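These numbers come from a predicted model, not from an experiment.
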Amino acid sequence: MQKKEDEPLFMSLQHALIWSFVEAEKQFTGYSNTASIIRHCKQKGAGASTSPDDLSPQEKKTQAMWVLDTVRTALNEFEQALIVLKYGQGSINFADAFVQVGLEYPKYEAHVVDLILCHVFEFDQTGRMWNHDGSSKEDWRPYPAQTHIASIAGVHKNTAYNWCKSIRTDIENVLHRAEWVLLVEMRRKKIIKSKVAA
């Protein structure tokens with residue numbers, strides 16, 4: 001059964017954001033009809049097609065820009081940066097977002113807050129692998145453990161645990177609010193599906 005022409009392209013906020021960050025980075029030629037596509041999207045909502053994969057390269061780029069513009073206009077800079085860190089790890093803005101988030105926690109030394117953010121988001125922006133179980137039993141992961149943070153910062157592991165817990169809780173709360181704002185806004189713009197009636 002074919003979808004209606006004006007049905008949203010995306011089933012979820014996560015799908016819309018991850019897809020848009022990927023598509024926004026792609027390069028192609030023949031991008032001359034952007035203005036008309038943007039006008040069409042604004043008039044018809046997101047659903048110019050039955051699937052994101054059915055769009056032309058120009059339409060994909062424009063759709064991605066429209067989704068990411070919603071992020072830019074609906075959220076403050078800190079919230080935007082957190083969205084990039086969570087959903088846009090391939091984005092050219094990723095390093096800037098990492099710095100932006102780090103600046104929100106000035107009470108910690110910069111290198112320490114960098115490690116805490118790597119721990120919270122479970123990646124190391126340098127690509128480094130960390131042995132979580134020590135030299136006797138190797139368990140390499142792409143982010144530092146709290147014991148690594150304690151050792152590098154020169155503090156007790158309980159202190160590092162409390163730092164990580166505090167920042168993680170703050171980030172989770174801000175992300176939850178930001179995602180809710182985006183969900184409401186993208187449903188309003190018909191970028192993603194509205195809730196199915198029970």
Side-chain angles (χ1 to χ4, degrees), residues 10-26 52 64 67-186 192:
F10 303 107
M11 299 297 290
S12 68
L13 177 65
Q14 293 77 12
H15 180 206
L17 290 170
I18 292 169
W19 183 90
S20 296
F21 278 117
V22 170
E23 289 300 325
E25 301 304 319
K26 291 184 179 176
V67 170
L68 297 181
D69 187 61
T70 302
V71 173
R72 185 184 59 79
T73 56
L75 305 178
N76 64 38
E77 288 184 356
F78 180 45
E79 293 166 337
Q80 291 174 50
L82 289 176
I83 291 294
V84 172
L85 291 189
K86 183 170 180 180
Y87 297 103
Q89 290 194 19
S91 169
I92 58 171
N93 299 320
F94 186 80
D96 290 339
F98 194 86
V99 171
Q100 175 73 35
V101 171
L103 292 174
E104 293 291 319
Y105 303 99
K107 79 177 210 177
Y108 305 96
E109 291 185 48
H111 74 286
V112 173
V113 79
D114 285 353
L115 290 173
I116 294 171
L117 293 179
C118 289
H119 174 78
V120 168
F121 286 97
E122 298 188 352
F123 69 86
D124 187 316
Q125 63 169 345
T126 67
R128 179 177 175 181
M129 298 292 288
W130 299 80
N131 184 1
H132 281 231
D133 280 330
S135 56
S136 61
K137 183 180 175 187
E138 294 186 354
D139 178 21
W140 295 90
R141 301 186 197 183
Y143 61 92
Q146 292 165 353
T147 52
H148 297 129
I149 296 167
S151 174
I152 292 168
V155 298
H156 191 275
K157 64 180 180 181
N158 288 345
T159 301
Y161 171 82
N162 289 332
W163 289 351
C164 291
K165 182 179 178 183
S166 174
I167 290 180
R168 179 187 298 276
T169 300
D170 184 54
I171 284 173
E172 286 175 350
N173 289 338
V174 174
L175 267 171
H176 180 74
R177 289 191 304 269
E179 288 168 337
W180 178 253
V181 168
L182 289 177
L183 187 64
V184 170
E185 187 64 10
M186 290 191 194
I192 61 175

All pairs passing side-chain hydrogen bond (donor to acceptor under 3.5 Å, both in side chains) where residues 81-107 contributes a residue, at least two apart: K86-E179, Y87-E179, Y105-D170
Using the side chain to side chain contact (heavy atoms under 4.5 Å, CB included) rule, take Q146 and K157 through it: C-alpha gap first, then chi angles, then the decisive distance, then the call. CA-CA 7 Å; Q146 292 165 353; K157 64 180 180 181; over 6 Å; no
Is the count of non-hydrogen atoms from other residues, nucleotides or ligands lying under 6.0 Å from Q14 atom CD greater than 12? yes
Using every non-hydrogen atom in the two residues, find where H148 and N131 come nearest and quote the distance to one decimal. NE2-O, 3.1 Å
Evaluate the ring planes of H132 and Y143, with Trp represented by its six-membered ring, and classify them as parallel (under 30°), tilted (30 to 60°) or perpendicular (over 60°). perpendicular
H15 side-chain N/O to S12 backbone N/O, donor-acceptor pair under 3.5 Å: no
Among T70, I83, V22, I192, whose side chain to side chain contact (heavy atoms under 4.5 Å, CB included) with L17 holds? I83
Residues passing the side-chain contact (heavy atoms from CB on, under 4.5 Å) test with V155, sequence neighbours excluded, are A150, A153, T159, A160, W163
Specify the closest pair of heavy atoms between C118 and F98, including all atoms of both residues, with the distance to one decimal. SG-CZ, 3.8 Å
Step through the shown structure and confirm whether more than 12 heavy atoms of other residues, nucleotides or ligands are within 6.0 Å of CZ on F78. yes
Hey, are the side chains of D139 and R141 touching, using non-hydrogen atoms and a 4.5 Å cut-off? yes
Less than 4.5 Å apart, any side-chain heavy atom of F121 and any of I171? yes
If you look at every heavy atom in R168 and V120, which pair is closest and at what distance? NH1-O, 3.5 Å
Kindly indicate, with the supporting measurements, whether the criterion side chain to side chain contact (heavy atoms under 4.5 Å, CB included) is fulfilled by D133 and E138. CA-CA 6 Å; D133 280 330; E138 294 186 354; over 6 Å; no
Nearest-0.5 Å distance, CG of residue L182 to CD of residue Q80: 9.5 Å
From D124 atom CG to L117 atom CG, the distance as rounded to the nearest 0.5 Å: 11.5 Å
Whether the side chain of S166 engages the backbone of N162 through a donor-acceptor N/O pair (distance < 3.5 Å, no angle test) should be reported. no
Nearest 0.5 Å, please: how far is CH2 in W180 from CG in L13? 11.0 Å
Under the 3.5 angstrom rule, does the side chain of S20 hit a backbone N or O of A16 as a donor-acceptor pair? yes
Locate the shortest heavy-atom distance separating P106 from L103; write the atom from each residue and the value. CD-O, 3.7 Å
Any donor-acceptor pair under 3.5 Å from H119 side chain to P144 backbone: yes
Would you please name every residue forming a side-chain contact (heavy atoms from CB on, under 4.5 Å) with A97, sequence neighbours left out? A81, V84, L85
Side-chain contact test, heavy atoms from C-beta onward, threshold under 4.5 Å: evaluate it for Y108 versus I167 and give yes or no. yes
Flag the pair F94 / F21 as yes when their ring centroid distance falls below 6.0 Å, and as no otherwise. no
Tell me, do E25 and I92 make a side-chain contact under 4.5 Å, heavy atoms counted? yes
When rounded to the nearest 0.5 angstrom, what distance separates CG in L82 from CD in E77? 12.0 Å
Does any non-hydrogen side-chain atom of C164 lie less than 4.5 Å from one of I149? yes
